[in-house]
Amino acid sequence: MNKLITNTIGIFLFGAIIINCDLFNPKEKISNNELTEMLALQAINAASASEGQRLGLNIAYSHRFKTRAGVHLFCREYSTAYLEKQAEWEKDIDQTYATIGNAIGVDIIVEKMAGPCTINNKISACHYDGVDGINDLIPYAYTYQGEHDYLIPAFIYYGVTNLKNAKEACEQNKGTYVCYDPSQCWQ
């Protein structure tokens with residue numbers, strides 16, 4: 001009986017301490033404005049982060065595509081699984097994108113980078129399945145200009161004329177489309 005009384009008093013005291021704990025009665029409550037600001041910062045961070053790192057990939061190298069005026073179009077990132085392909089894929093990349101750019105009316109500059117890539121004003125992404133027997137994703141991140149001025153016109157250049165939007169272009173090529181800004185994504 002003494003053990004029961006001791007346990008009951010212990011549980012009662014523990015409960016009293018927990019109830020008075022600041023965890024359940026915070027002295028400072030978060031206002032709606034503060035909560036809105038925190039959510040906005042979270043959205044900004046998601047939109048500015050490397051897409052590959054957001055997916056948990058260890059990015060070895062990447063390519064940022066922009067116009068000669070400096071407007072970012074898109075980023076393409078490769079994990080360490082693609083290191084053996086880097087020399088092959090970068091061999092004629094500048095000429096390839098100069099040709100595509102001339103055909104679609106966009107002066108494209110390719111920045112080759114070690115590690116991850118970020119772009120200003122990311123609105124969407126496409127995570128393409130691996131290629132050449134390598135199963136790691138190849139993430140692309142797009143700006144509004146990247147979706148509208150590059151993506152669909154480039155597909156048309158390659159003879160794919162039945163695409164209605166960027167989401168369809170991504171999904172038709174074994175990709176998963178992610179929209180970060182529904183007011184701007186082309187889906």
- Query: Taking all non-hydrogen atoms of both residues, which atom of I100 and which atom of A154 are closest, and how far apart?
  - Reply: CG2-CB, 4.2 Å

- Note on the structure: One should read off an interatomic distance between Y97 OH and I104 CD1, to the nearest 0.5 angstrom, of 10.0 Å

- Closest non-hydrogen atoms of F155 and A169, given as atom of the first, atom of the second and distance, are CE1-CB, 3.6 Å

- Message: Would you say that more than 12 heavy atoms from the other residues, nucleotides or ligands in this model lie under 6.0 Å from the NZ of K174, or not?
- Response: no

- Can you find a pair of side-chain heavy atoms, one from K164 and one from W186, that are under 4.5 Å apart? no

- In Å, rounded to the nearest 0.5 Å, how long is the span from CD1 of I134 to OH of Y78? 10.5 Å

- Message: Could you see if L137 belongs to whatever hydrophobic cluster contains L83? Use Ile, Leu, Val, Met, Phe, Trp, Tyr and a side-chain cutoff under 4.5 Å.
- Response: no

- Item | A166 to L151 - nearest heavy-atom pair and separation | CB-CD2, 3.6 Å

- Message: If I take atom CG from residue N120 and atom OG1 from residue T143, how far apart are they, to the nearest 0.5 angstrom?
- Response: 9.0 Å

- Item | N173 side-chain N/O to G175 backbone N/O, donor-acceptor pair under 3.5 Å | no

- Note on the structure: With sequence neighbours left out, the residues meeting ring-ring contact (aromatic ring centres under 6.0 Å, His included) with Y144 are H148

- Message: For a salt bridge (charged side-chain N to carboxylate O under 4.0 Å, His left out) check, start with the C-alpha distance between E88 and K91, then their side-chain angles and the critical distance, and finish with the verdict.
- Response: CA-CA 5 Å; E88 174 188 345; K91 182 180 177 196; over 6 Å; no

- Query: R76 side chain to I138 main-chain N or O, any donor-acceptor pair under 3.5 Å?
  - Reply: no

- Common cluster, I109/M113, ILVMFWY with side-chain heavy-atom separation under 4.5 Å: no

- Query: Does CG in N162 sit with more than 12 non-hydrogen atoms of other residues, nucleotides or ligands closer than 6.0 Å?
  - Reply: yes

- Message: For the CD1 atom of I119 and the NE2 atom of H72, what is their distance to the nearest 0.5 Å?
- Response: 8.0 Å

- Message: Working to the nearest 0.5 angstrom, can you tell me the gap between T80 OG1 and L57 CG?
- Response: 8.5 Å

- Given side chain to side chain contact (heavy atoms under 4.5 Å, CB included), test I108 with L73 step by step and report yes or no. CA-CA 9 Å; I108 300 172; L73 299 170; 4.1 Å; yes

- Message: Salt bridge check, R54 against E51: does any charged N sit closer than 4.0 Å to a carboxylate O?
- Response: yes

- For Y82 and V131, what are the C-alpha separation, side-chain angles and deciding distance, and is it a side chain to side chain contact (heavy atoms under 4.5 Å, CB included)? CA-CA 9 Å; Y82 293 98; V131 295; 4.1 Å; yes

- Would you say the side-chain atoms of Q172 pair up with the backbone N or O of E168, donor to acceptor, closer than 3.5 Å? no

- Can any side-chain N or O of S79 pair as donor or acceptor with the backbone N or O of N58 at less than 3.5 Å? no

- Task: Salt-bridge test for K112 and D94: reply yes if a basic N is under 4.0 Å from a carboxylate O, no otherwise.
- Result: yes

- Say whether L55 and Y142 are linked into one hydrophobic cluster, either directly or through other cluster members, by side-chain heavy-atom distances under 4.5 angstrom. no

- Where do K122 and Y180 come nearest, in terms of heavy atoms and distance? CE-CE1, 3.8 Å

- Begin from the C-alpha positions of E77 and S50 and carry the test side-chain hydrogen bond (donor to acceptor under 3.5 Å, both in side chains) through to its verdict. CA-CA 9 Å; E77 297 176 296; S50 154; 2.6 Å; yes

- Query: Can you hop from Y157 to V110 via hydrophobic side chains spaced under 4.5 Å?
  - Reply: yes

- side chain to side chain contact (heavy atoms under 4.5 Å, CB included) between E147 and S124, worked out: CA-CA 8 Å; E147 280 194 350; S124 68; 2.5 Å; yes

- Item | Where at least one partner belongs to residues 104-129, residue pairs that pass ring-ring contact (aromatic ring centres under 6.0 Å, His included), sequence neighbours excluded | Y128-Y140

- Message: If I take atom CD from residue Q53 and atom SG from residue C117, how far apart are they, to the nearest 0.5 angstrom?
- Response: 10.5 Å

- Message: Checking V106 against Y150 for the side chain to side chain contact (heavy atoms under 4.5 Å, CB included) test, could you report, in this order, the C-alpha distance in whole Å, the side-chain angles of both residues, the deciding distance, and whether it holds?
- Response: CA-CA 7 Å; V106 178; Y150 168 77; 5.8 Å; no

- Could you tell me whether K66 and E111 have a side-chain N and a carboxylate O separated by less than 4.0 Å? yes

- Would you say the side chain of E171 lies within less than 4.5 Å of the side chain of T176, judging by non-hydrogen atoms? no

- Can you list the steps and then say if Q95 with T99 is a side-chain hydrogen bond (donor to acceptor under 3.5 Å, both in side chains)? CA-CA 6 Å; Q95 183 56 47; T99 302; 3.2 Å; yes

